[in-house]
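A short worksheet on the structure shown next.
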2 protein chains.
Amino acid sequence: MADDLAPGTDRPLAGRANFLLSQLGFHTAQTFATRLAPLGIAPNHFGLLMHLERGEGSTQQQLADVLGIHRKVMVGLLDDLQHRGLVERRRHPTDRRAHAIHLTDAARALLPRARRIADQHEDEILTPLDADERGHLIAALQRLAERTGHPAGVHPGLQSSARSATR
Amino acid sequence: MADDLAPGTDRPLAGRANFLLSQLGFHTAQTFATRLAPLGIAPNHFGLLMHLERGEGSTQQQLADVLGIHRKVMVGLLDDLQHRGLVERRRHPTDRRAHAIHLTDAARALLPRARRIADQHEDEILTPLDADERGHLIAALQRLAERTGHPAGVHPGLQSSARSATR
DNA sequence: CCTGACTGTCGGGTACGGTAACAGTTACCA
DNA sequence: TGGTAACTGTTACCGTACCCGACAGTCAGG
């Protein structure tokens with residue numbers, strides 16, 4: 001579209017889609033972490049719990065693969081959740097080196113509350129838009145997200161900052 | 001909209017606007033930093049240079065206020081840029097405690113290249129959308145960004161990760 | 001049975017973020 | 001005029017988080 005030798009356009013940052021996405025993404029992650037903090041978990045814990053909900057008994061390695069992180073990080077995440085009483089590391093039925101990760105009843109009670117917080121937070125973020133505009137925005141974002149190479153629902157920044165909301 | 005006592009909706013993460021924004025924002029910031037790295041600067045340096053372009057001679061404190069960060073962080077950012085030969089700390093004409101920050105010729109030569117990289121990066125991110133959809137998306141994002149409380153063009157995550165692309 | 005590969009975990013080096021404090025300078029105000 | 005309070009830019013410090021390799025225990029295949 002732009003001439004390959006032309007200098008960049010002189011638009012302000014606030015009109016560039018990449019800046020807006022980065023700015024809004026950071027703000028969204030930050031406020032969501034704040035909303036979730038009273039539950040004693042961080043956004044990455046929430047994502048892990050959501051994954052565990054459909055598929056308990058997985059290995060830590062399997063979970064790490066699905067979320068695209070290193071097994072070492074999974075140790076820390078599960079330590080947090082176990083300390084919080086939300087997951088159990090049971091013996092794996094067939095592989096004695098591995099753990100089978102299961103949700104506790106407390107986690108099953110917590111998840112609906114967390115989902116409601118997520119809904120409220122989303123509604124708050126999208127306040128300026130009506131229902132039609134929200135639909136168009138989400139559809140557009142999904143199309144952009146598909147191109148990033150990350151599997152659906154996998155956050156690229158997951159490999160860090162697990163303990164911020166834990167203490 | 002949702003009943004206040006209802007459990008949260010059971011949508012996957014990939015369909016929630018707040019998750020999509022956070023995911024895309026992180027990915028966008030990451031790839032933009034990569035595109036910018038060959039120039040020897042990070043995204044926050046780019047933002048600072050853009051601000052300096054319209055308004056040289058500012059004090060470090062003034063710049064920190066405009067960007068919403070602490071003066072100490074500005075010291076680090078300017079250290080990087082000065083080391084890179086892009087800014088000069090001159091004596092302030094009226095206040096001998098303060099520095100007057102000026103761009104160098106190298107910075108004025110670098111900025112068009114950086115802007116072109118930003119344009120290309122934006123185009124790359126928005127590939128799946130046509131011109132109309134891009135316009136609608138940017139307009140919607142701008143309306144959401146206005147509600148965050150951050151001044152236009154101010155990135156909330158600016159207070160960190162300055163040195164990632166410097167070395 | 002024995003070697004190689006895998007699982008989950010632990011310690012150590014390193015870099016980062018935020019706090020407190022500093023000298024130099026200005027502004028206020030009696 | 002003098003003296004105190006506030007401000008600028010900077011440094012030193014400390015607790016924390018992240019990355020790396022290494023480890024015991026266990027499985028799989030020849």
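This is a predicted model, so every value here is computed, not measured. What's counted below: heavy atoms across the whole structure, side chains too, no hydrogens, waters or symmetry copies. Proteins get letters first, then strands, A, B, ... in listed order; numbering begins at 1 in each.
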>> Rounded to whole Å, please give me the gap between NZ in A:K72 and C1' in C:dG13.
In response: 12 Å
> Can you tell me how far C1' of D:dT16 sits from CG of A:D80, to the nearest Å?
Replying inline: 14 Å
>> Can you measure B:R89 atom CZ to D:dT8 atom P for me and round it to whole angstrom units?
In response: 15 Å
> Can you find a side chain N or O atom of A:Q60 that sits less than 4.0 Å from OP1 or OP2 on C:dT7?
Replying inline: no
> Are A:R96 and D:dC27 close enough that a side-chain N or O sits under 4.0 Å from OP1 or OP2?
Replying inline: yes
> Could you give the CD-to-P distance, from B:Q61 to C:dA27, as a whole number of Å?
Replying inline: 15 Å
>> What is the separation between atom CG on B:L63 and atom P on D:dT10, rounded to the nearest whole Å?
In response: 12 Å
>> Using whole Å, what does the distance between atom C1' of nucleotide D:dT8 and atom CE of B:M74 come to?
In response: 13 Å
> Does the separation of the ring centres of B:H92 and B:H99 fall below 6.0 angstrom?
Replying inline: no
> So, B:H136 versus A:H136, ring centres under 6.0 angstrom or not?
Replying inline: no
>> Nearest to the side chain of B:D95, heavy atoms from C-beta on, is which of C:dG8, C:dT25, D:dG9?
In response: C:dT25
> Below 4.5 Å, heavy atoms only, C-beta onward: do B:V87 and B:T104 meet side chain to side chain?
Replying inline: no
> Roughly, in whole Å, what's the span from CD1 in A:I101 to C1' in C:dT9?
Replying inline: 13 Å
> In terms of side-chain heavy atoms of B:A98, which of D:dG9, D:dC27, C:dT25 is nearest?
Replying inline: D:dG9
> Toward the 5' end of DNA chain C, which comes first, A:R97 or A:L78, by nearest nucleotide?
Replying inline: A:R97
>> Any side-chain N or O of B:H99 below 4.0 angstrom from OP1/OP2 of D:dT10?
In response: yes
> Is the backbone N or O of B:D130 less than 3.5 Å from a side-chain atom of B:E133, with the two atoms forming a donor-acceptor pair by type?
Replying inline: yes
> Within this structure, what is the CZ-to-C1' distance between A:R71 and D:dA22, rounded to whole angstrom?
Replying inline: 12 Å
> From A:L77 CG over to A:L63 CG, what is the distance, rounded to the nearest 0.5 angstrom?
Replying inline: 10.0 Å
